[in-house]
> 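Can you read through this structure? Questions will come right after.
Labels below follow one simple rule: chain letters A, B, ... track the order of the sequence lines, proteins then strands, and each chain is numbered from 1. Please read all numbers here as calculations on a predicted model, not as lab measurements.
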There are 2 protein chains.
Amino acid sequence: MRTDTVYKKAFNRAASMLRDGQLAGELPSENELRRRMCVSRTTVRKVLRELVHRDLITERDGLRATGRAVNDNDYYPDAETTPRAKHVEQQFMEWMLRGDTRPGTSINELELARQFGVATNGIREFLIRFSRFGLIEKRPNIGWLFKGFTEEFALELFEIRVMFELRSAHLFSQQPDHSPLWIKLAALKLAHTELLEQIETRFHDFSSLDNQFHRLINEASPNRFIDDFYDIISFIFHYHYQWNKKDEKQRNKAALLEHIGYIDALQSRNSARIAKACRTHLASAKATLMRSLIALEE
Amino acid sequence: MRTDTVYKKAFNRAASMLRDGQLAGELPSENELRRRMCVSRTTVRKVLRELVHRDLITERDGLRATGRAVNDNDYYPDAETTPRAKHVEQQFMEWMLRGDTRPGTSINELELARQFGVATNGIREFLIRFSRFGLIEKRPNIGWLFKGFTEEFALELFEIRVMFELRSAHLFSQQPDHSPLWIKLAALKLAHTELLEQIETRFHDFSSLDNQFHRLINEASPNRFIDDFYDIISFIFHYHYQWNKKDEKQRNKAALLEHIGYIDALQSRNSARIAKACRTHLASAKATLMRSLIALEE
DNA sequence: AGCATGAACTTTATCCATAAAAAACAACTT
DNA sequence: AAGTTGTTTTTTATGGATAAAGTTCATGCT
């Protein structure tokens, strides 16, 4: 059966809105709620029904108003708000990164399905999606081959990344003065310096900034293939960092400084300087990834 | 139920081998046949059983020998030798390229499933695989968006293609003299000149040569992401040419000449000359694609 | 021991079923 | 007419079943 994670997530969202007082007094219409929560009206109605049922809101003469205060245990647990497909992704990445999965291993859909507690269909869909990351390969009628999260992989990944980023950074710097992206860039620079000041406590926030920055650079001259490639990068780094916490603060601090240098270079519009800053930053990102891959191979 | 296309294809293959006399006299062991036909022994045995049943081979004391002559209607029809997934691909491409499918259309899994006569699962798997081509996009819980086989698509595609090909051609030219790829390149050049002489009748063969050539260039310094990207190119061109036959001979002749110039440039190892030949060729490939896209939009 | 066949077992490709979520339709209300 | 809510229809996400194809185990023959 399809999971009701959409509903549960929406319910939690609504509960938070009630708690924060965003929905104080008389509630907005179903359509308005639908827009705010980005789900269908069908789901909104389901949420409202449950809210009424739990007395979190009251309904009289077709008018809805806030009810009793929201309690911590009114919320559905987080695990129930993520769709199966996402769980499969997480479990697979865990299996791949933490397990002793060696390059050349073959991947068995049925086995993973049993291990993860889902139907084979879900596994297969995930693997098809995941195959674009270049880490697995399908052999028809036989199964999937795990090619390994190896040094070679990282080298190939970064070769492309450098090509793309140099191209995007160059085009970014050639934008007209009045492009709104310059403003965004300045804002991002500020966010960087702020984070740098509070690096001791907030170093986890770097990841989001990193993403925003690299995506911004691509925005100047969009290319869907470059965007898609950056999805791979994000994905890999997301899980990689989840797994490798070593020196995180130190690494993020260094990267922040590199970003700032890179932003300065962009603002200078000096091609050679931009290329240099870009290469420096990517080289250190690559070195970080490579170091942990070597750790993996032990 | 799973289709028995593997068996049917293997059967046809075996029938052809019998007909060509490749299996004259006493037949090889099941294992040997398995190796030659690239299927499992289970399938080989199924084929053998049917061959015996039809008297195409005889079996006595566990020894198998050729039987009656193979007839044209011993073969299974071609359509039955292609798996469902491939059919879906073909039908989808037909739907996309020939139908009046406009950019922005949303794709309905259920509708396509009904139209193509397959389960929704098959459609969905295809769409996931196909999504890497940048022509469709998934919106969770809602469906797929067809972004259109547009001019913009072609521009983005070729921007990447040029970057990758310049990089690969450059690295190719820097290989040591004794690299076996130089021999392959010379052989390919010969194949080009031969085809050029017989262009009037054999112009369809260009497609295969084109593929071999571009893949060869990538071989010098392999990168899985570049290979994957070239899969997109091949796929697009495969279907595109199937649909657009206009001026095919003329176009292929021109491309052959460009290839030859490009090969000469590579052999000269002169960077500037290589880049020029590469750009020239890709520019004309791009122009061809663009012309037919414009035709599509009418 | 090494290879051939036979039989049993496992995994993939494919279809079908169904609850959840989205969308479309209908009837009201202001 | 535009925005509400109630109802019905359609579509997606997910589980389950099964024949085909692949793999492994067992037996027998040189």
Side-chain angles (χ1 to χ4, degrees), chain A residues 1-10 27-35 38-49 59 61-64 83-88 106-114 117-128 138-144, chain B residues 1-10 27-34 37-49 59 61-64 83-88 106-114 117-128 138-144:
Chain A
M1 196 210 315
R2 187 176 178 167
T3 56
D4 56 357
T5 51
V6 172
Y7 152 71
K8 284 178 174 162
K9 193 170 229 160
L27 297 196
S29 79
E30 294 175 358
N31 266 317
E32 177 56 27
L33 284 169
R34 184 183 76 74
R35 262 186 298 271
C38 300
V39 292
S40 74
R41 194 160 67 86
T42 307
T43 301
V44 167
R45 302 187 99 224
K46 195 170 171 185
V47 169
L48 288 171
R49 209 176 330 130
E59 202 169 27
D61 304 331
L63 278 184
R64 279 178 287 256
R84 281 291 140 76
K86 191 76 187 171
H87 279 141
V88 169
S106 65
I107 296 170
N108 186 315
E109 295 178 359
L110 200 57
E111 192 190 313
L112 287 184
R114 279 193 291 249
V118 296
T120 51
N121 254 317
I123 299 290
R124 180 190 284 237
E125 283 178 15
F126 170 76
L127 293 174
I128 297 172
K138 185 170 174 60
R139 292 163 306 174
N141 300 315
I142 295 177
W144 298 83
Chain B
M1 195 208 317
R2 187 174 180 169
T3 55
D4 56 357
T5 52
V6 172
Y7 152 71
K8 283 178 174 164
K9 194 170 227 159
L27 297 196
S29 80
E30 294 175 358
N31 266 317
E32 176 56 27
L33 284 169
R34 184 183 76 73
M37 316 216 298
C38 300
V39 292
S40 74
R41 193 160 67 85
T42 307
T43 301
V44 167
R45 301 185 99 222
K46 195 169 170 185
V47 169
L48 288 171
R49 209 175 331 129
E59 201 168 28
D61 306 330
L63 279 183
R64 281 178 286 256
R84 280 292 140 76
K86 190 76 187 171
H87 279 141
V88 169
S106 66
I107 296 170
N108 185 314
E109 295 178 0
L110 201 57
E111 191 190 314
L112 287 184
R114 279 192 290 249
V118 296
T120 50
N121 254 315
I123 299 290
R124 180 189 284 238
E125 284 177 15
F126 170 75
L127 293 174
I128 296 173
K138 186 173 173 59
R139 290 162 307 173
N141 299 317
I142 294 178
W144 297 83

> Ignoring the backbone of B:Ser29, work out which of D:dT11, D:dT14, C:dA4 is nearest its side chain.
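The closest nucleotide is C:dA4.
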> Give the nucleotide from the list D:dT12, D:dG16, C:dT14 with an atom nearest to the side chain of B:Arg84.
C:dT14
> Would you mind classifying the nucleic acid contact of B:Leu112 as base, sugar-phosphate or nothing, using non-hydrogen atoms under 4.0 angstrom?
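Touches nothing.
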> Can you check the B:Leu33 CG to C:dC3 P distance for me, whole Å?
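To the nearest whole Å, that distance equals 17 Å.
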> Below 4.0 angstrom, N of the basic side chain to O of the carboxylate: do B:Glu109 and B:Arg114 qualify?
no
> Under the side chain to side chain contact (heavy atoms under 4.5 Å, CB included) rule, what do A:Leu48 and A:Val44 come out as? Steps first, then yes or no, please.
CA-CA 6 Å; A:Leu48 288 171; A:Val44 167; 3.8 Å; yes
> On DNA chain D, does the nearest nucleotide to A:Thr120 precede the nearest nucleotide to A:Glu32 from the 5' side, or the other way round? Give the residue.
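Whichever sits nearer the 5' end wins; that is A:Glu32.
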> Please determine if a side-chain N or O atom of A:Arg114 lies less than 4.0 Å away from the OP1 or OP2 oxygen of C:dT11.
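The answer is yes; a side-chain N or O of A:Arg114 sits under 4.0 Å from OP1 or OP2.
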> When you check the phosphate oxygens OP1 and OP2 of D:dT5, does a side-chain N or O of A:Arg64 lie under 4.0 Å from one of them?
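Affirmative; the distance criterion is met.
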> Considering non-hydrogen atoms only, spot the tightest contact between A:Arg41 and A:Arg34 and give its length.
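What the structure gives for the nearest pair is N-CD, 3.3 Å.
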> Roughly, in whole Å, what's the span from CD in A:Glu109 to P in D:dG22?
14 Å
> Could you walk me through whether A:Thr120 and A:Glu125 pass side chain to side chain contact (heavy atoms under 4.5 Å, CB included), step by step?
CA-CA 9 Å; A:Thr120 51; A:Glu125 283 178 15; over 6 Å; no
> Classify every nucleotide of nucleotides 18-30 of chain C by which part a protein heavy atom approaches to under 4.0 Å, writing B for the base, S for the sugar-phosphate alone and - for neither, in 5'-to-3' order.
-BBSBBB------
> Let me know the distance between CG of A:Asn121 and P of C:dC16, rounded to the nearest Å.
13 Å
> Between B:Asp4 and B:Tyr7 (side chain of the first, backbone of the second, donor and acceptor by atom type, cut-off under 3.5 Å), is there such a pair?
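A pair under 3.5 Å: no.
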> Is the phosphate of C:dG6 approached by B:Arg45 (side-chain N or O, under 4.0 Å from OP1 or OP2)?
yes
> Quick one: B:Arg49 CZ to C:dG6 C1', roughly how many Å, whole number?
11 Å
> Within the 4.0 Å heavy-atom criterion, would you say B:Lys9 contacts the bases, only the backbone, or no part of the nucleic acid?
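No contact at all - B:Lys9 keeps every heavy atom at 4.0 Å or more from the nucleic acid.
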> Just to confirm, is there a sub-4.0 Å distance from OP1 or OP2 of C:dT11 to any side-chain nitrogen or oxygen of A:Asn108?
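For A:Asn108, the contact criterion (side-chain N or O under 4.0 Å from OP1 or OP2 of C:dT11) is met.
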> Please report the shortest heavy-atom distance between A:Ala113 and A:Ala119, naming the atom on each side.
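Taking every non-hydrogen atom into account, CB-C, 4.1 Å.
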> Which heavy atom in B:Met37 sits nearest to a heavy atom in B:Ala10, and how many Å separate them?
CE-O, 3.8 Å
> To the nearest Å, how far apart are A:Arg124 CZ and D:dG16 C1'?
15 Å
> Can you check the B:Glu30 CD to D:dT23 P distance for me, whole Å?
15 Å
> Within this structure, what is the CG-to-P distance between B:Leu110 and C:dA17, rounded to whole angstrom?
13 Å
> Tell me: CZ of A:Arg139 to C1' of C:dT12, nearest whole Å?
12 Å
